[in-house]
Amino acid sequence: MTQSGRRGKKNSMKYYSLNKSAPVVDFKEATIRGLAPDKGLYFPESISKYDNNFFTEINNYTEEEIAFKIIQPYIGDVIPENELKKIVVETINFEIPLIKVNEAISSLELFHGPTLAFKDVGARFMSRCLGYFMKNNNRKITVLVATSGDTGGAVANGFYNVVGVEVVILYPSGKVSNVQEKQLVTLGNNIHALEIRGTFDDCQQMVKQAFLDDYLNKKLFLTSANSINVARWLPQQFYYFFAWKQWNDKKNPPVISVPSGNFGNICAGLLAHISGLPVKHFIAACNANKVVPEFLQTQNYHPEKAIATISNAMDVGDPSNFIRILELFHHQFADLKNTLSSYSISDEQTKQTIKEVYEKENYLLDPHGAVAYTALQDYQKKYPDQKGYILETAHPVKFYDVVEPVIQQKVPIPESVKDILHKEKHSILMNADFEKLKEYLLEKYNRE
Ligand SMILES: *Cc1c(COP(=O)(O)O)cnc(C)c1O
């Protein structure tokens, strides 16, 4: 039974489904549900606007104050202020520095969290919100998540040992890096890994189907932790504001290049911008999976099967968050095009950039950051005076199998990663077949 409409909260943001045929809900229900009953993504009924003073005086605010100010309107009173402050502080308890690579390009390093990837921010925020919501609930909730790489590790780490929450992670066999896999399969306890014989899109499809299965949802209390979840999407705005705080030339806002797969990260940036954050232009940097670059050229949106690349966390053929971007721009193609460009970068170019930037600038990019870097350079060829930054979404050591042969050097492994390389793998190999997943979940449920 849903709880929407019964509580009549005055101060809570409402979320509607982008398919427009499900009831509006508050942040709590949107977080727990993940996807609306009509299969649509949730979207906030109104978008915060922060006044100009906030942006000119941002240096007077701490990171915690900024983050709280950004997120609070989207939560309302479903989480009390003091609890939300705690959640925010825990979410961002690692540094997010903006590092100058050269005069024209800086790098916003989002990889200083526990799993060395930007998804730590969203996963940590969501896990703590869910933990808060489940506190007084005697039913266990099962988080079901498909990962093309980093989501799984960040979610596993974020939820590890959270009371009342079980996590089941699906990942494509042989298509995630060794370090990424280790982060999924070595925790144990409430974290369960399923190794799927298929692609990320297969994994995502199986998860989507699970949420639509009536019987399964009667038996289990299921939720998602994919980037479609509002509790992961919205906190990703934080670091765009942190970057602005560190941006020296406040008269000339940055061009921001975001390595994009499911388009959750860049969608958070666009939301921040519509809320008032000064940004010159956004670049959605893609690998060979180029549905969006083609859409921006032709206005035709053609989802494709995912193509495997060396920036595998972006191997997405049908980006789930793109619909939210269209909504942000009221489906006005011309407005969107004014704000957003998109480039498709090949594996060859990506490797070339890793090598060049390492040799010229003494800065080591991971393959995802390198895609963003290449796209920003391409943009700057057209607009040479525009300075900008990339989002460096993962530590290069997570992709040492790609990076090391390119720079012909070893990437030192941080202690936190070293530990897990020796741990035993616990995962279940499964065909890309929804019935198999259903069987597994029901069996697990019956045992509990
Ligand atoms: C997930 C991921 C991306 C893509 O982010 P989206 O929000 O899905 O567009 C980029 N880089 C890395 C390292 C990732 O893990």
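As the structure lists them, so they are numbered: ligands from 1, and atoms in each ligand from 1.
- Polar contact check, N265 against ligand 1: a nitrogen or oxygen pair lies under 3.5 Å apart.
- Considering CZ of R124 and OG1 of T115, their distance stands at 9.0 Å, rounded to 0.5 Å.
- Listed by number with element, the atoms of ligand 1 under 4.0 angstrom from any heavy atom of S260 are 9 (O).
- Counting non-hydrogen atoms of neighbouring residues, nucleotides and ligands closer than 6.0 angstrom, the CD atom of Q408 reaches no more than 12 such neighbours.
- Geometrically, K69 engages F54 in a cation-pi contact, judged by NZ or CZ lying under 6.0 Å from the ring centre and within 45° of the ring axis.
- The side chain of M314, and not its backbone, has at least one atom closer than 4.0 Å to an atom of ligand 1 (non-hydrogen atoms only; side chain from C-beta on).
- The A394 neighbourhood of ligand 1 comprises atoms 13 (C), with distances under 4.0 Å to a heavy atom of that residue.
- Under the side-chain contact (heavy atoms from CB on, under 4.5 Å) criterion, Q386 pairs with V255, K280, Y379, Y383, not counting sequence neighbours.
- Heavy atoms of P259 approach ligand 1 to within less than 4.0 angstrom.
- Among the atoms of F263, some N or O lies under 3.5 angstrom from an N or O of ligand 1.
- Within the 3.5 Å criterion, the main-chain N or O of I32 finds a donor-acceptor partner in the side chain of T223.
- In summary, the atoms of ligand 1 found under 4.0 Å from a heavy atom of G264, numbered by their order in the structure, are 6 (P), 7 (O), 9 (O).
- Sorted by first and then second residue, the ring pair (Phe, Tyr, Trp, His ring centres under 6.0 Å) pairs with a member in residues 327-352 read F295-F333; sequence neighbours excluded.
- Heavy-atom contacts of T393 reach the following atoms of ligand 1: 10 (C), 11 (N), 12 (C), 13 (C) (cutoff under 4.0 Å).
- Looking at Q180, R232, K119, H368 and measuring to atom 1 (C) of ligand 1, the nearest heavy atom belongs to K119.
- For F241 and Y61, the gap between ring centers reaches or exceeds 6.0 Å.
- In this structure, K398 does not pair ionically with D366, as no charged nitrogen and carboxylate oxygen lie closer than 4.0 Å.
- The N/O atoms of F399, backbone and side chain alike, include none that comes under 3.5 Å of an N/O atom in ligand 1.
- Of all atoms in ligand 1, numbered sequentially from 1 with element shown, those under 4.0 Å from a heavy atom of A313 are 1 (C), 2 (C), 12 (C), 14 (C), 15 (O).
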